[in-house]
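Chain naming here is simple, since letters A, B, ... match the order of the sequence lines and numbering starts at 1 in each.
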Protein chains: 2
Amino acid sequence: MYTMQKKAQATTSDRVPAPEVNFQTCPFLASTGVLGKKWTLLILWVIALLRIKRFNQIRRSIPGLTSRVLVMRLHELEKSGHIEALIVKESPRVVEWTLTEKGTDTIPILMSIMNFTIKWYPDEVFGDNKSHTMNELFPETEYPR
Amino acid sequence: MYTMQKKAQATTSDRVPAPEVNFQTCPFLASTGVLGKKWTLLILWVIALLRIKRFNQIRRSIPGLTSRVLVMRLHELEKSGHIEALIVKESPRVVEWTLTEKGTDTIPILMSIMNFTIKWYPDEVFGDNKSHTMNELFPETEYPR
DNA sequence: CCGCATCCAAAATGATACTG
DNA sequence: CAGTATCATTTTGGATGCGG
């Protein structure tokens, strides 16, 4: 429960949370880093939660994502240290993409997003229209922190 | 702690988490909704955590954000039900933007992002280079869930 | 000053085909 | 299989203006 919500007699002079945080320069929030770009979180979800490691498998698991954008995002994520490429074999080339420690630390973000989505967009993410909770879906996972 | 990380003898036939979730259609992850677009989370941060409600104050608090994009995002966020406009006065028009319940539910997402950022990008978000934790920064807030 | 519209340039992304 | 190359389309940036 957030205590910062407006109470009956609350005024606008309530404490401003964490003014010492330069939120404007957060690479994700400001979309200056790869995490703020289109398709990135979906790609991370696939690698992190579905454990899909291969280029074309990732692409096929995300309808609408093209090779062009996928290869851009993978290389950006590699450069930013979220994922690593393991060259399994050359000619025909086989590459496996896996999370680094930094990439693993994005999982709570993905979880908090999905937690929001299953509450506000259940029709979009469930075929059966039943209500679901994160604990039901990810029973062995503590999230998001 | 996530139990889905690879253990020594783990194989790729480990359980795939939550196959019943159509993650591809999550509006945020897929960037089909406003939350996935550039500047949106920064705008929500300002309204939610800094409690800034006015158009030009929001704009000035986010360097680089133009009127054009701000007005687009505010109206998109209004349409999607994350924020509400309160017309305080006409001529000159004064509008106050505040979070709805749905918008309030995005705060855990913002928190998990900042939690990630203060770990991996401390130089970008702190001026003093000291180490910080979320509990230190948001003492009265339980987060992210 | 306020919120917001218009115009045009630049950047990001989509579609399709192709290569080692 | 894992990417490239090319071109069309969409989204965003920047300047400017405008009625209240």
Side-chain angles (χ1 to χ4, degrees), chain A residues 12 24-25 27-44 46-47 50-80 82-98, chain B residues 12 24-44 46-47 52-80 83-98:
Chain A
T12 54
Q24 306 96 330
T25 56
F28 187 176
L29 293 182
S31 292
T32 57
V34 62
L35 293 189
K37 294 191 178 177
K38 198 166 175 180
W39 299 112
T40 300
L41 296 183
L42 222 35
I43 293 167
L44 274 180
V46 169
I47 296 175
L50 303 187
R51 309 275 197 72
I52 297 178
K53 302 166 194 267
R54 303 278 294 279
F55 185 89
N56 281 309
Q57 290 179 1
I58 296 170
R59 187 177 51 70
R60 278 192 296 266
S61 69
I62 303 177
L65 176 62
T66 61
S67 306
R68 188 177 117 65
V69 174
L70 177 55
V71 77
M72 291 177 70
R73 292 294 175 274
L74 288 174
H75 290 152
E76 287 161 0
L77 284 167
E78 184 182 31
K79 203 147 130 189
S80 60
H82 294 88
I83 62 176
E84 282 174 333
L86 173 65
I87 313 291
V88 175
K89 170 165 112 44
E90 294 284 1
S91 238
R93 184 170 200 170
V94 174
V95 182
E96 287 190 358
W97 296 97
T98 54
Chain B
T12 53
Q24 306 96 332
T25 55
C26 164
F28 187 177
L29 293 182
S31 292
T32 57
V34 63
L35 293 189
K37 294 190 177 179
K38 200 167 174 179
W39 297 113
T40 300
L41 296 182
L42 224 35
I43 293 166
L44 275 180
V46 169
I47 297 175
I52 296 176
K53 302 166 194 271
R54 302 277 296 281
F55 185 90
N56 280 310
Q57 290 179 0
I58 297 171
R59 187 177 51 72
R60 280 192 295 266
S61 69
I62 304 176
L65 176 62
T66 62
S67 302
R68 186 174 121 60
V69 175
L70 178 55
V71 78
M72 290 177 68
R73 292 295 175 271
L74 288 174
H75 289 154
E76 287 161 1
L77 283 166
E78 184 182 30
K79 204 147 133 190
S80 61
I83 63 175
E84 281 175 334
L86 173 65
I87 313 291
V88 175
K89 169 165 113 43
E90 295 282 2
S91 239
R93 183 170 204 170
V94 174
V95 182
E96 287 191 355
W97 296 96
T98 54

Rounded to the nearest Å, what distance is computed from the [atom1] atom of residue [X] to the [atom2] atom of nucleotide [N]?
X: Leu65(B); N: dG13(D); atom1: CG; atom2: C1'; result: 11 Å
X: Leu74(A); N: dC1(D); atom1: CG; atom2: P; result: 16 Å
X: Arg60(A); N: dG3(D); atom1: CZ; atom2: P; result: 14 Å
X: Arg59(A); N: dC1(D); atom1: CZ; atom2: C1'; result: 10 Å
X: Leu77(A); N: dG3(D); atom1: CG; atom2: P; result: 13 Å
X: Glu76(B); N: dT10(D); atom1: CD; atom2: C1'; result: 13 Å
X: Glu90(B); N: dG19(D); atom1: CD; atom2: P; result: 17 Å
X: Leu42(B); N: dT12(D); atom1: CG; atom2: C1'; result: 15 Å

Reckon Arg73(B) touches a base, only the sugar-phosphate, or nothing at all at heavy-atom distances under 4.0 Å?
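Sugar-phosphate: the residue Arg73(B), judged by heavy atoms under 4.0 Å, touches backbone atoms but no base.
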Contact class for Arg68(A) vs. all strands (heavy atom < 4.0 Å): base, sugar-phosphate, or nothing?
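Base, at least one base atom sits under 4.0 Å.
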So [Y] and [X], do their side chains get closer than 4.5 Å, heavy atoms only?
X: Leu70(A); Y: Thr66(A); result: no
X: Lys37(B); Y: Arg73(B); result: yes
X: Ile58(B); Y: Ile47(B); result: yes
X: Ile52(B); Y: Trp97(B); result: no

With side-chain contact (heavy atoms from CB on, under 4.5 Å) as the test, would you mind laying out the steps for Ile43(A) and Ile83(A) before giving the verdict?
CA-CA 11 Å; Ile43(A) 293 167; Ile83(A) 62 176; over 6 Å; no
With nearest nucleotides of DNA chain C determined for Arg93(A) and Arg93(B) from heavy-atom distances, which residue corresponds to the more 5′ nucleotide?
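The residue whose closest nucleotide sits nearer the 5' end is Arg93(B).
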Between Val69(A) and His75(B), just flag the one whose closest nucleotide in DNA chain C comes earlier from the 5' side.
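Residue closer to the 5' terminus by nearest nucleotide: His75(B).
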Contact boundaries on DNA chain C for chain A, cut-off under 4.0 Å to non-hydrogen atoms:
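It runs dT13(C) to dA15(C).
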Salt bridge or not between Glu76(A) and Lys79(A)? Use side-chain N to carboxylate O under 4.0 Å.
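No, Glu76(A) and Lys79(A) are not salt-bridged.
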Show the nearest heavy-atom pair for residues Gly36(A) and Ser31(A), with the distance to one decimal.
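Looking at all heavy atoms of both residues, the shortest contact is O-OG, 3.5 Å.
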Phosphate-side-chain proximity, Trp39(B) and dT11(D), N/O vs OP1/OP2 below 4.0 Å
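The answer is no; no side-chain N or O of Trp39(B) sits under 4.0 Å from OP1 or OP2.
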